[in-house]
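Residue indices begin at 1 and follow the sequence shown.
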Amino acid sequence: MQIEKTSEGSKLTLKVSGRLDTNTSPDLEAALKLDGVTNVVFDFTNLEYISSAGLRILLSTQKAMMACGGEMSVANPNAMVSGVFDMTGLSSVLRIV
């Protein structure tokens, strides 16, 4: 998995490529420094696979953003990732753009 991290004021964008699973999720958690961040965007344009470990990170990040009055979104998920969101019911919980 590769992570390209961009900060712009209080907005943090994480472009994630490859596989987000049990082995790689600690890397994404380490990249999530939320001090002063009120808007997180996960760009999944090049994400090939997401497991429950990745879904847990999304949910915990969304919870943190809601607690501080911020927002989180998932951008450009492919059909496979969108299918996982649909099967788990997260497509109705997450903000997908």
Side-chain angles (χ1 to χ4, degrees):
M1 178 183 70
Q2 293 181 333
I3 303 167
E4 187 178 314
K5 184 175 174 178
T6 308
S7 292
E8 191 176 306
S10 63
K11 179 180 180 182
L12 174 64
T13 301
L14 298 160
K15 187 171 186 174
V16 184
S17 304
R19 296 176 57 88
L20 178 52
D21 56 25
T22 303
N23 295 323
T24 59
S25 62
D27 297 334
L28 183 57
E29 281 182 306
L32 275 168
K33 302 293 184 219
L34 298 178
D35 293 334
V37 173
T38 58
N39 186 352
V40 176
V41 177
F42 289 97
D43 184 344
F44 284 168
T45 301
N46 296 313
L47 187 68
E48 300 165 3
Y49 173 82
I50 189 167
S51 74
S52 60
L55 298 177
R56 181 185 56 77
I57 292 172
L58 295 179
L59 290 173
S60 65
T61 303
Q62 181 168 326
K63 183 178 178 181
M65 287 297 98
M66 291 174 67
C68 73
E71 64 179 32
M72 185 203 87
S73 59
V74 176
N76 308 312
N78 65 23
M80 191 285 303
V81 173
S82 292
V84 171
F85 292 158
D86 290 342
M87 284 189 311
T88 59
L90 291 179
S91 56
S92 63
V93 174
L94 300 174
R95 182 173 175 254
I96 302 172
V97 295

Determine, stepwise, if the pair F44 / N78 fulfils side chain to side chain contact (heavy atoms under 4.5 Å, CB included). CA-CA 7 Å; F44 284 168; N78 65 23; over 6 Å; no

Decide yes or no on side chain to side chain contact (heavy atoms under 4.5 Å, CB included) for L47 and F42, but give the supporting numbers first. CA-CA 10 Å; L47 187 68; F42 289 97; over 6 Å; no

Checking side chain to side chain contact (heavy atoms under 4.5 Å, CB included) for the pair D43/V16: CA distance, chi angles, key distance, verdict? CA-CA 6 Å; D43 184 344; V16 184; over 6 Å; no

Check the pair K5, T13 against side chain to side chain contact (heavy atoms under 4.5 Å, CB included), reporting the backbone distance first and the verdict last. CA-CA 6 Å; K5 184 175 174 178; T13 301; over 6 Å; no

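The shortest distance between side-chain heavy atoms of E29 and I57 falls below 4.5 Å. Using a 4.5 Å heavy-atom cutoff, the side chains of I50 and L58 are in contact. Using a 4.5 Å cut-off on side-chain heavy atoms (C-beta onward), I96 and S91 make contact.
The neighbour count for M66 CE, taken as heavy atoms of other residues, nucleotides or ligands under 6.0 Å away, does not exceed 12.
Side-chain N/O atoms of S10 and T38 include a donor and acceptor closer than 3.5 Å. Side-chain polar atoms of D21 and S51 form no donor-acceptor pair below 3.5 angstrom. A donor and an acceptor atom, one from each side chain of T24 and D27, are nowhere located under 3.5 Å apart.
With L12 as the partner, the side chain to side chain contact (heavy atoms under 4.5 Å, CB included) test is satisfied by one option alone out of T6, N39, L32, T61: L32.
For the atom pair CG (L34) and SG (C68), the distance works out to 8.0 Å, reported to the nearest 0.5 Å. Atom-to-atom distance recorded for Y49:OH and M1:CE is 13.5 Å, nearest 0.5 angstrom. Between the NZ atom in K33 and the OG atom in S7 there is a gap of 12.0 Å [rounded to 0.5 Å]. How far CG of L90 is from CG of L59: 5.0 Å, rounded to the nearest 0.5 Å. The structure places CG of L94 at 7.5 Å from OG1 of T88, a figure rounded to the nearest 0.5 Å.
Each of V41 and V74 belongs to its own hydrophobic cluster when Ile, Leu, Val, Met, Phe, Trp and Tyr are linked at side-chain heavy-atom distances under 4.5 angstrom.
Formation of a donor-acceptor pair under 3.5 Å by the Q62 side chain with backbone atoms of V93 is found in this model.
T22 and S25 get closest at one heavy-atom pair: O-OG, 3.5 Å. Residues M65 and V40 share a closest heavy-atom pair of SD-CG2, 3.8 Å.
Ion pairing between E71 and K11 fails under the 4.0 Å rule for side-chain N and carboxylate O.
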